[in-house]
Amino acid sequence: GAKEYKARHILVEKEDEAKAIIAQLKKGAKFEDIAKKQSKDPGSGAQGGDLGWANPSGYVPEFAQALGKLGKGQMTDAPVKSQFGYHVIRVDDVREAKGPEVPSFEQVKPQVVQQLQQQKLVKFQEDLRAKAKVE
């Protein structure tokens, strides 16, 4: 099935910058610290590069492809170029997407239960009306 990724990224303008960042990270620098200082993505940069959980299809193609090659805890070995600049990407976690592709019964169940309850309610109201007529 489709997967969702909890990813972080650092966005810079130049490939050299991104390569330097990857080198620093490999030496043990903290991803969050570098993201806060250097990332050009204001939204995630302030969060230490955190993009939260997302389906790769929500990202630009180059970013999505890079994500798909990474496992949990892995980082891109080379900068990923997109229309925004160069990304250094790390995947913090991966999970099976609970997407709309194939809803499981567990996901559909609340709706089914709701429908059954509504039907019972209608029946109950009809019974009440019927009793009211009798009295």
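All heavy atoms count here, side chains included; hydrogens, waters and symmetry mates do not. We number each residue from 1, following the sequence as shown. Note that the structure is a prediction, hence the values are computed from the model and not measured.
Note on Val88: it clusters hydrophobically with Val12, by side-chain heavy-atom contacts below 4.5 Å among ILVMFWY residues.
In terms of heavy atoms, Glu96 sits closest to Ala2 at OE1-O, 3.5 Å. Between Tyr5 and Gly68, the shortest heavy-atom distance links the atoms OH-CA, 3.6 Å. Listed here is the closest heavy atom pair of Gly71 and Val94: C-CG2, 4.4 Å.
Atom-to-atom distance recorded for Tyr59:OH and His87:NE2 is 10.5 Å, nearest 0.5 angstrom. Between the OH atom of Tyr86 and the CD atom of Glu13 there is a distance of 11.0 Å, given to the nearest 0.5 Å. To the nearest 0.5 Å, atoms CD (Gln65) and CG (Leu70) are separated by 12.0 Å.
The side-chain heavy atoms of Ile10 and Phe31, taken from C-beta on, include a pair separated by under 4.5 Å. When side chains are defined from C-beta on, Glu32 counts as touching Arg8, because their heavy atoms get closer than 4.5 Å. The closest side-chain heavy-atom distance from Gln74 to Val91 is not below 4.5 Å. Within the 4.5 Å cutoff, side-chain heavy atoms of Ile89 are placed close to those of Leu67.
Salt bridge present: Asp92 and Arg90 bring a charged side-chain N and a carboxylate O closer than 4.0 Å.
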Taking distance alone, no hydrogens or angles, what donor-acceptor pairs closer than 3.5 Å link side-chain atoms of residues 36-54 to residues at least two apart or in another chain?
residue: Ser39; atom: OG; partner: Leu11; partner atom: N; Å: 3.2
residue: Ser39; atom: OG; partner: Asp41; partner atom: N; Å: 3.3
residue: Asp41; atom: OD1; partner: Gly43; partner atom: N; Å: 3.3
residue: Asp41; atom: OD2; partner: His9; partner atom: NE2; Å: 2.8
residue: Asp41; atom: OD2; partner: Ser44; partner atom: OG; Å: 2.8
residue: Ser44; atom: OG; partner: His9; partner atom: NE2; Å: 3.2
residue: Asp50; atom: OD1; partner: Gly52; partner atom: N; Å: 2.9

Is there a salt bridge (Lys or Arg N to Asp or Glu O under 4.0 Å) between Lys26 and Asp77 once you walk through the steps?
CA-CA 9 Å; Lys26 286 192 171 165; Asp77 274 334; 3.2 Å; yes
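Counting non-hydrogen atoms of other residues, nucleotides and ligands closer than 6.0 Å to CD of Glu62 gives a total above 12.
Among residues two or more places apart in sequence or in another chain, the side-chain contact (heavy atoms from CB on, under 4.5 Å) test is passed with Gln83 by Val60.
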